[in-house]
Every structure is written in structure tokens, then in C-alpha cells.
Number of protein chains: 4
Amino acid sequence: MKAPPPTRPALRARYDARQQGVVDAAARLFAQQGYGATSMADLVEATGLTAGGLYHYIDSKEQLLIRICDELLEPLLERVEHVVADETQAPDDQLRALVYAWVAHVEGHLDHMVVFQQERRVIEAEEQWRRVRRSRKRFERLLDGVLARCEAAGLLGTVDRSLTLRALLGMVNHTAQWYRPGGRLDTSAIADGFCDLILR
Amino acid sequence: MKAPPPTRPALRARYDARQQGVVDAAARLFAQQGYGATSMADLVEATGLTAGGLYHYIDSKEQLLIRICDELLEPLLERVEHVVADETQAPDDQLRALVYAWVAHVEGHLDHMVVFQQERRVIEAEEQWRRVRRSRKRFERLLDGVLARCEAAGLLGTVDRSLTLRALLGMVNHTAQWYRPGGRLDTSAIADGFCDLILR
Amino acid sequence: MKAPPPTRPALRARYDARQQGVVDAAARLFAQQGYGATSMADLVEATGLTAGGLYHYIDSKEQLLIRICDELLEPLLERVEHVVADETQAPDDQLRALVYAWVAHVEGHLDHMVVFQQERRVIEAEEQWRRVRRSRKRFERLLDGVLARCEAAGLLGTVDRSLTLRALLGMVNHTAQWYRPGGRLDTSAIADGFCDLILR
Amino acid sequence: MKAPPPTRPALRARYDARQQGVVDAAARLFAQQGYGATSMADLVEATGLTAGGLYHYIDSKEQLLIRICDELLEPLLERVEHVVADETQAPDDQLRALVYAWVAHVEGHLDHMVVFQQERRVIEAEEQWRRVRRSRKRFERLLDGVLARCEAAGLLGTVDRSLTLRALLGMVNHTAQWYRPGGRLDTSAIADGFCDLILR
DNA sequence: TATGAATGAGCCTTCATTCAT
DNA sequence: CATGAATGAAGGCTCATTCAT
């Protein structure tokens, strides 16, 4: 992330750990107060670093935001690619597996997810967000592919597939706004519930 | 909104029109660039007013945000109250009527809706947002009431009702992110599609 | 210079006067301490404005530097164009007229000139300095034209013309480093002295 | 320069070589980007040393600047003293020898020279620059002495001697701004050309 | 010697808002 | 009603230098 991270393994490990700490603290603050409303001073306070020291671990406030989005999308995309790659699975099982992975990922990255949604605007608009944008689009394409297979197998309801896709995106992403760990509904209940709405 | 608006009717009409112009410009800018990233200078440019002149029509930047949310929620709530009040309608018809009104309202206030979602955070957190918060909660309660009647009538699927509620909130609110007027899906298609997913 | 200066004449005059005050103060400070070593806080102190108020009159620190260079080069160029345009004058008279105008201009803009020389580097390097760069080049081309006419008339010494040009540029520009008003040598003495060195 | 350089000859040689490398890199960077605009980080990158390592070879950024000026002035002064010491030479030959040595020195230290001119301001102003200032003044006095002998021998033109001195300083120093090795004019051509302008 | 993390003051600039005219 | 100048705190970020390892 920042120009040259240390090369010696021991130092490198510490560096990485602290950098991750900064990113996590940022995700939390951005989620709670908003990206724009969070000052680097807030981050200084939250991390215990000093104003200048912070910049050993990051390039800029915006890079931090990009990193948060990457940490959200990249591993999710990887898991989803993996699920989709297994062609022996029935389409509806594949959808359930995918939605489960997705909901689980959202629940495990609530802060990241809230930030991602809140800052959607800047992500869609500007140049340096291309990779993030591409990940999001790839994810949607994979999801649509699975829905298409379900549709072909007669497993979807009567609702237009692209509308179904958007409905699904809306309901899962919205999860980050209300889900609290330890609540009445666990990951499976949520994921299966959503799939039940979609599948015939 | 701002201290004393004129009392003579002719002046008053002009005043109101200009004030509405400011609010609409603000909604557009906030939706496009974010509330925090929009400066009053942007607003000055967009409205053609001067820095000082702007403040004849508004109290503060934040009041503008509150007003945008009110303009979104209040008329929606009114329509929904009206729909719900008709106890002769079948529960599923009521749900369809409600969702139609809701989707139509979102489509008619894309900017307002995007702003409302984007600034969710500040709405939930602070004192002066109580009225907005109450409106949102009342809306959800009304919606849940209709769903309960559907459930009682055996019209819902097997999915937990509170999860269904949240799914519906997610999908409809998300509409503002992708809906473009003149697209393939019109209001009815969207509203009915969503209901089809929910209802048995 | 700054986005929209006022349009009403009375205000406009005051605005322009204060803006000029800022530019002059900047020229003095930049000349004394260097552009890089002068902080906006220094400028605030020198102008009596406040940190924010300063920015009513300027766009940025760098624009201030550009403006200083423009104020130096543009009027000089105009005078020189005028001198060169008179084709009835003998070449050596033209050279003397030109050098006199030039020396007088340097003496009247010591601060500007010192700044221009000191920041030569950034002027030559970056994009937004094209106009300044073009002015400088145009000036040198005009000067060379006059020298060429002198040479053709056999009025120059034996020294290579392009070297003569550079020598002249060096000696006149250097004047800003030592000239103090009221010194032993006045404008005419300096300008004529330089010409005497150049001409046969 | 920095606290204790090594005393064992082998180490000392390596130390000196690296220190010289740092000074040369600094001269290049300062000349290209300006002293103020060059950060120690730039220097770290240019030298391949680390932030801390750099400080084994230097005391401070400013000492680096002083050293660059010393490296420029001291050897020049030594050569010039030597030229001036030979009282058997004719005044004009002496002037030619001096200017030749001077031009050659400038050409051999373009970076140093550019830096010296650019940072003139700080050199003249501050305490710790006394030695540099004294060298510059001594150089000018020696030069003026030779001009005086030329004048006494009737070899100068009609131009005031102190103006001639300043003109010469201007033209030779300015050489650093345009001279590029391998150009049409070599050291002799330049030095002789300048002298031809000065001498009758 | 060499490392790279850390410091914290200072940089330029923007901001929402007010008020004399 | 309208203007635009003014405020001054706060914004994100950079810097030369130091020091424990």
C-alpha cells in the first residue's frame, strides 16, 4: 500500500499487522461516521499512532477507502468463483451455496460493507476505482450466470430474471444495515430465506 | 424554513418557488457527489444565487438535508397511510398497492432517495433527526402490518416475516441505484415483480 | 485571477486594488525569502488579511507566482514590441531604446525580477507555465532580431551573435541583484553602458 | 562533515566517496527541482541510502547546501588566486586567463552553479553562510583588481569599471543556464567572447 | 554502521456561515 | 432582498530529523 514496506520478514510482519490495524480502524470509523466526516485526526486517535506516523502505513485517505473495498470484494469474488466453478452441482444448490457465502461474507465484514455502500458514488465515478468497479461487475455477472442456469432449469419464479438479480442484490447488501451478530436469525436462516424468495 | 418568509401572497409564491429550486438543486448535488463532498459554493453555482442570497432560503446545510428527507418520507407516508386505512381491501391487494406507491415514489424522487440512503448514518445518530427517524420507523411498521395481515391470510411464503420485511426494504430501496426512467421495466413491472417474490 | 471577481464597478475597483496589494506583497516576500520558504501565513501577516480572506483574491500560491511573472513579462513585451515595430530607426538606436526600456523595467520591478530568476526552474518545467515560457522566448527572439539587424549593419563587434545575446541577457537580468535606487548609476548609465559593451 | 568520520584509511576512503556521492546527488536534485522543493526522501531515493543512513554522511540539509557552494567557490578561488599572483602577465592576458578558468569551472560544475545562483538569497542573509559570502566577495575583489589593472593600462572600453564588473559577473554566471556540453561554443569561444566584449 | 519507524509542527487550502453595505 | 468580503478552524498531508534496535 505505502511506498516501500520493509523487506526483512520480522519487520514485515509487524508492518503488515499494523497496517491491517489501521485499515480496520478506518473501516469502523468510516462505517460509523462516514468517510467524509472522519478526519485523519480521528484515525490518529483510534490507532494510537501520530499524525505523521499514520502515513508510514497508508498512502492517503482515499487509498484507505479503496483498500477497504478491495478487502471486501476480492475474497468474496474468490469464493464465488470457486462455487461457480463446480459444474456438477445443481443450479439451485449452487445458488444457495453462493448466497450463503455472500451473506456470511457480509456478516463478517459489516463495517467494510457499510462503507462500500455508503461510498458507492465515488466508486462509480472516478478513475482510480476501476479495479473495484470491475470486481463489483464481475460479481454481478457471476450471480446472473447462476440465476440463468436456475431459470433454464425451471427453478426460478415467474419474475423477470434481471429484476430478480437486482432484488437479490438489494436484499443481501441491505443486510449490513440491520444484521447484528447473535440476533435471532443466523447466516443460514438469512441466506436460505432469501433463496426461498427467489426460487420457485 | 428560514426565519421570516414573506407574507404577501405574490412574494410568498416566488419565495417558495425559489426555495424549492434550492432544495432540488441540493438533492441532485448531494446525490451525485455526496452530502459531505458538496460545498455551499457548489450550491451557489448550481442555483445561480450568491453566497449570502442562498441563506435567505435556507437555515443551514443540514436543514437542507433534513428537508430532502422530509420531502421524501412525508408524502410517501401519507399515501401509505391512506392505502392501509382501507380495510375492505384484500391483504395481498393492499400490499401490491403499497409497494406500487412506494416504488413509484422512489422513481419520482431518485435524488432524494439516493441521498436518504447515503446519509442513513447521520439520520440514525443525531438528535435533530428524530422526526425523520420516526417517519422511517412508522413506514416500516405500516409495511410490517400489511405483511402480517398477508401472513395471517396464508398469502406469504414460508420465509420468516421479519426477514421478508427486510428483504422488501432492501430491494425497493436499492431500486434508486439502478432505475433509469424509460428503461425496460416500468413501475408496475417492478412493483409487481417484487410482490411476486414475496407472496406465495 | 480568482473565480468571479465582482461586477459592480465600485466593488471591482476595490477588489482589483486589494488583489494587486496581495500580488505586490507576495512579490516582495518571494524575492526576500524565496517562493518555497514563504508561507501563506507570512502572506497573511504581510497583507493584514486572514487566512481564508486571502483566497478571495487568489487561486493558489502558484497562481500568485504565475501572476508575478506575467506582470513582469507582459508589459515589457509590449514595450519591446513597440520599439521593434518602428522600422525607421537605425538598428543601434533601436537596440539602445530596447535595452533602456528593459533595464528601466527591471529597475521598476526588482522584486518581480528576482522572483522570476529564482524560480526559473519551475517555469521551464511545468505545464501551466507555458504562457510565461512563451513570453520569455518571444522576448529573446525579438532581442535577437534587433541584434541581427545591428550585425547586418556592421555595428556589432566580432563576438558571435548568439553569445552576445546571451551575454546581454545575463548582464541585464543580473542587474536586479545589485541595483538599488538612488545609487551612483542611473537607468541611462546602465543601459548605455551595456550597449557600449555590445556595439562596436 | 558529520560527527566522526572513520579514521582507518580504507574505511575513510569509502566514507569520503559515499559522502561525495551524496553531495553530487544533492547538487543535481537541488539544481533540477530547487533546494526547498527537494525533500530528504528524494535524496534517499537518489542515493539508494536509507533515511537514517543518509545522516551518517551529512549533518543537515542546509550543510549540504553550504558544502555545494564551498565545492564551487573554494577551488575556483584557488585557481584565480594563482592566476592573479603571476605579476609578470599582461593585464589583458591575466583577465583572459581568469575568465577562462572561471567559465571552465562553471561548465564543470553546472549543477553547483545553478544551485548557488538559485539560493543566493539565503546565502546573503544568514549567519552560517559567512564563509561562502566571504569567498564570493573575495572573488569579486580579485576580479575587480584585474579589471583595474586593465583600466590603468588603457585596455578597457569607455564603460564604467564597476558596471563592467557587474556585466561580466552577469554574463558568466548566466552561462550555467544555457551551456550544454557538446554545444557549438566551447569554453575558449565563450571565455574569449566575453573578454572581447569587455576589452577595447 | 545501518535501519525504518516515529515525531509533530507546519504546509496550503476549503469550508459553512455572517454581516456591513 | 441581495451582495460578496470576511472569518478562522479544520482539513489532509509532508517534512527534516532522531533513535531504539
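To find a chain, count down the sequence lines: A is the first, B the second, and so on, and within it residues start at 1.
Against DNA chain F, the stretch residues 37-47 of chain A makes heavy-atom approaches under 4.0 Å through Thr38(A), Ser39(A), Met40(A).
The number of heavy atoms from other shown groups lying within 6.0 Å of CD (Glu124(A)) is above 12. Environment of CZ in Arg131(B): sparse, with no more than 12 heavy atoms of neighbouring residues, nucleotides or ligands closer than 6.0 Å. By the neighbour-count criterion of 12 heavy atoms within 6.0 Å, atom CD of Gln128(D) is densely surrounded, having more than that number from other residues, nucleotides or ligands.
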Pairs under 3.5 angstrom, nitrogen or oxygen only, protein versus nucleotides 1-3 of chain E, please.
residue, atom, partner, partner atom, Å
dA2(E), OP1, Arg18(D), NH1, 3.0
dA2(E), OP2, Tyr57(D), OH, 3.1
dA2(E), N7, His56(D), NE2, 3.2
dT3(E), OP2, Thr50(D), OG1, 2.9

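For the 3.5 Å distance criterion, the side chains of Arg67(B) and Gln20(B) qualify, holding a donor opposite an acceptor. His112(D) and Glu71(D) form a side-chain donor-acceptor contact under 3.5 Å, judged by distance and modelled atom types alone. For Trp129(D) and Glu119(D), the side-chain atoms include no donor-acceptor pair closer than 3.5 Å.
Met40(A) places a side-chain heavy atom less than 4.5 Å from the side chain of Ile58(A). The shortest distance between side-chain heavy atoms of Gln117(D) and Arg120(D) does not fall below 4.5 Å.
What separates CZ of Arg12(A) from C1' of dG4(E) is a distance of 14 Å, to the nearest Å. Distance OH (Tyr55(D)) to C1' (dT18(F)): 9 Å, rounded to an integer number of Å. As rounded to whole Å, 9 Å separates atom P of dT13(E) from atom CD of Glu62(C). The NZ-C1' distance, from Lys61(B) to dT18(E), rounds to 17 Å in whole Å. Distance CD (Gln63(A)) to P (dG12(F)): 16 Å, rounded to an integer number of Å.
Among residues two or more places apart in sequence or in another chain, the side-chain contact (heavy atoms from CB on, under 4.5 Å) test is passed with Ser135(D) by Leu73(D), Glu74(D), Leu77(D). In this structure, Phe116(A) has no ring pair (Phe, Tyr, Trp, His ring centres under 6.0 Å) partners at least two apart in sequence or on a different chain.
Sorted by first then second residue, the salt bridge (charged side-chain N to carboxylate O under 4.0 Å, His left out) pairs that include residues 20-41 of chain C, not counting sequence neighbours, are Arg28(C)-Asp111(C).
Helical stems in DNA chain E, defined as runs of 3 or more consecutive Watson-Crick or G-U wobble pairs with donor-acceptor distances under 3.5 Å: E:2-21 with F:2-21.
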